[in-house]
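Written below as structure tokens is the structure these notes are about.
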Amino acid sequence: MSLPLTEEQRKKIEENRQKALARRAEKLLAEQHQSPGSGSSIATNSSQSKQGPPPNLPRDPSKPVNHGVVFLQQNLNSSSNGNQRPPNFHSFHLSSPGQAKGIGKRQEDVSPACPRHGPSGQMTLTGISPPLAQSPPEVPTQQLLGGTLGQGHPQASQEIKSTPFANTAHEPLAKAKSFQKTLAPFFRQPPRDPGVEAKAARPCTSGQNISDTNCGSGSATPGTEGRRPQKLGASLHKAGSSQKGMCIRSGGRFQVKIGYNAELITVFKRLPSRSYGNEPSVLAAQSLPTVTLEPLEGAEDSRESLSTGGVAHTCLPSAPSLAFVKGQCVLISRARFEADIGYSEDLMALFKQMESRSYDVKTRKWNFLLEEHNKLIQSVRCLPQVQLDPLPTTLTLAFASQLEKTSPCLTEPIPEADLSGVDPKLVSNLLPFQRAGVNFAVAKRGRLLLADDMGLGKTIQAICIAAFYRKEWPLLVVVPSSVRFTWEQAFLQWLPSLSPDRINVVVTGKDRLTAGLVNIVSFDLLSKLEKQLKTPFKVVIIDESHFLKNIKTARCRAAMPLLKVAKRVILLSGTPAMSRPAELYTQIIGVRPTFFPQFHAFGLRYCDAKRQPWGWDYSGSSNLGELKLLLEEAVMLRRLKCDVLAQLPPKQRKMVVIAPARISTKARAALAAAAKEMTTMNNTKRQQKEALLLFFNRTAEAKIPSVIEYILDLLESGREKFLVFAHHKVVLSAITRELERKQVPHIRIDGSTSSADREDLCQQFQLFEKHAVAVLSITAANMGLTFSSADLVVFAELFWNPGVLLQAEDRVHRIGQASSVSIHYLVARGTADDYLWPLIQEKIKVLGEAGLSETNFSEMTEATNYFYEVTPANGFLPLGRVELSCLLSPWVRREKVGLTPADFTQPHAERWLYSSSSGNRSVFSSWNFPRIRV
Ligand SMILES: Nc1ncnc2c1ncn2[C@@H]1O[C@H](COP(=O)(O)OP(=O)(O)OP(=O)(O)O)[C@@H](O)[C@H]1O
């Protein structure tokens, strides 16, 4: 940390600064003398305003007259151009003290005397003229006068007070012109990063910027920002004398205290917010031999101040540029862009030549059809004092059809994709909005970010899109490790044509990444295994693609090259950016590698990039409307739950298969022992029950790491509020411990929580504004509590009484719940869940058939792939209907197919048993028994 400067050090620094500035002025002056051609200042561009193009008139240094000027500014913070960098105010020097005269006429009255320089249509002192002539007709005159024009008029927030100044109307016409030359550098933009400046710099069209034309007075005002003060220095030197003045803040306005200078007054008169005060103090600066206007104290960026008279100058924040306007084009809709730029008379004239022009009274900006973009930019390049940056190339490419007007209609309907090659089971199950998602993906040639809200079925859509490009497989699916097996199940469920042994779930770093036709790998393993890749995958799915948000992470570094070479890239995320646009960058270039090749360009435009002493800060946001349009046009499809609520069931259950790899060897051994105990043939019913309880206990401990991993993944994915139910204290405690460690706000309600506390905790959770987790006991918190502010329930453990589970689900699915509720059941292979899950299914089914439960659990979960429908066609034997009594006892099933306890713990690739109950519905888990081929 640096120590504060002492007073003495500050003085020394200030002295040195003054000296440096003086030396700089000297040097510039010398340069000025050496190159007479460049000594000219104001561009020869004259306005085509009502007054017509006046000649370049020499500055008149005569008539020293004492007078004061009060220059009022209402809104010191108003930004004058699209760059959002307010021009700064600089000191100025005038060569000839003038005779005091009244100056009070409005610009229109004086205009014949106000020379404009340069080619037709060009106004030199951009932003000074009152906006009346250029104002859109819709804007009330009073607004214009009152300074509410805003963007189109940098000084629009200034109030016009036409307090008469003495005698200005009688000033020789010639005087006015030199004001432009002299005052132009007063308001300049702060120094910018050279890189940024270079990027933003508009090529000088004819080499004729402001500095290129000599107005005959010898004073100089360069057109380029960096050169303006130099020319000013030259001007001062030639004049040989100057006046001193200063800016004094006065409420929302500021006063300029300075002696008379005819040119200065002419400029003042052209400022709409001018007002004249006759207080003695204002006159204090009169008749000084030099003119130095000291800017307001405390203004930003004192480094930018220029001192030519030995006075330290600071900059005036937000003062409008008198000479140079700079801004940018910003997209505001698929068809239109707006010019985000300060006021310039010539620019207004140019805008009015655009056929598609439209003025937005709210934003006070002009906007145009995209097809006029190139024309406008080209025309603006002829205005030396205006810099209007075009839309970035990425945008012009993305909206090429609008720019080139190749597309007759604005929103062309997305054609229906031909899904005849995709499994009918999948296609027929797509909800209408999901089908539209697949169409969108195919229209984008298989490269997109599918950013549907959580729970809207991104998995089924992604599988369908990938299946559309099946000829280009093998397919790579990169997912968080906690959902690897859920994805496997989803492929099995939705693509019956895909043989199960063609699915390769990569479980360890020793596995092969390319062993299957469908290869599912976690982010972390991908970074270890990517070197295995000899030929790139042509089709890649990335689930929870926001995991790639940080380009520096190993997972991102591993995935990005794959995405670049893949032909189809399907990114899935319900929360592509959780806090700032910078997080979107990798996902955007993942889908469109040619967009914004440099992050910096993206950062400047959309992350409000700011240079800090330590480097660039990209944590902000800017032009978000444009970013949204770009994403929607070329990268992303996003639907919110509320958009498609009518198509969604009130509850969506999902079985999440927890990765068995997370179960420790010790736990696995304990589970095997418990399973063995359960399968002892001669056990009584009571003994069987005890054995199941033992198995259940062991399962609880074994599942803890995977449960925690899943919860943390949910939090990382942006799930804000959810409930986690568990039965065992050890599980509840492990979860709360982890949440405490991660400092995630949470509540816990279990059997030891008093009824008074329960209500309080419940209220606390309901009122939490950000993310929060309610950790609840299945048996102690399944009734009487309302958690409708959440829409997700996670069951870390199962329970044999489905009625209790349903009640627990309904803590969220109740009155006050406006959304579709997601229920995730975490089920671990090779554990008691193998028994409990089918048991629960059937019990609920029975309840449903008896009219005691509205929920057809089996139907819901069938869609969530716990079961596998078997047909002889796919090589498996349907075992026929199994009696309900048998279903309630897992042993019957086992005996029926002749399994041994060891089968329960075999590697998942070999576990397949299929059976069917009524109709075609399978009722047995697809993974908890060995596979039996017919
Ligand atoms: N068309 C459908 N038919 C049947 N079930 C569906 C359908 N669409 C989605 N589901 C089910 O809805 C649940 C949520 O789907 P999925 O997990 O794909 O959502 P998601 O958008 O990926 O959510 P998240 O972002 O939370 O991962 C799953 O159980 C899924 O099987």
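One-based numbering, in listed order, for ligands and for the atoms of each.
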Q461 side-chain N/O to G457 backbone N/O, donor-acceptor pair under 3.5 Å: yes
Tell me the contacting part of T459 for ligand 1: side chain, backbone, both, or neither, using a 4.0 Å heavy-atom threshold, strictly below. both
With respect to atom 27 (O) of ligand 1, which of Q489, R639, Q647, K654 exhibits the smallest heavy-atom separation? K654
Please report whether ligand 1 has a polar contact with R653, defined as an N or O pair separated by less than 3.5 Å (distance criterion only). yes
Heavy-atom pair with the smallest gap, counting every atom of K703 and E797: NZ-CA, 3.7 Å
Within a distance under 4.0 Å of any heavy atom of N429, pick out the atoms of ligand 1 and give their elements. 1 (N), 2 (C), 3 (N)
Are S822 and M454 side-chain neighbours, meaning at least one heavy-atom pair lies under 4.5 Å? no
Establish, for the pair K444 and F440, whether the NZ or CZ atom is under 6.0 angstrom from the six-membered ring centre and no further than 45 degrees off its axis. yes
Polar contacts were defined as any N/O atom of the residue lying under 3.5 Å from an N/O atom of the ligand; does this apply to G574 and ligand 1? no
Whether D452 lies under 4.0 Å from ligand 1, heavy atom: no
Ligand 1 contact by Q493, heavy-atom criterion under 4.0 angstrom: no
Testing D791, D713, I711 for side chain to side chain contact (heavy atoms under 4.5 Å, CB included) with R719, which one passes? D791
What atoms of ligand 1 come within less than 4.0 Å of a heavy atom belonging to I460? 1 (N), 2 (C), 8 (N)
So do the side chains of E809 and V821 get within less than 4.5 Å of each other, counting heavy atoms only? no
If the cut-off is 4.0 Å to any non-hydrogen atom of G455, which atoms of ligand 1 fall inside it? 14 (C), 19 (O), 20 (P), 21 (O), 23 (O), 24 (P), 25 (O), 26 (O)
If you take the nearest heavy atom of each of E544, Q461, Q652, Q434, which one is closest to atom 13 (C) of ligand 1? Q652
Do any nitrogen or oxygen atoms of K458 come within less than 3.5 Å of a nitrogen or oxygen of ligand 1? yes
Can you confirm whether I460 sits close enough to I463 that some side-chain heavy atom of one is under 4.5 Å from a side-chain heavy atom of the other? no
Run the numbers for me: atoms of ligand 1, each under 4.0 Å from some heavy atom of W494, listed by number. 3 (N), 4 (C)
Will you find, in the side chains of S788 and Q766, an N or O donor that is under 3.5 Å from an N or O acceptor? yes
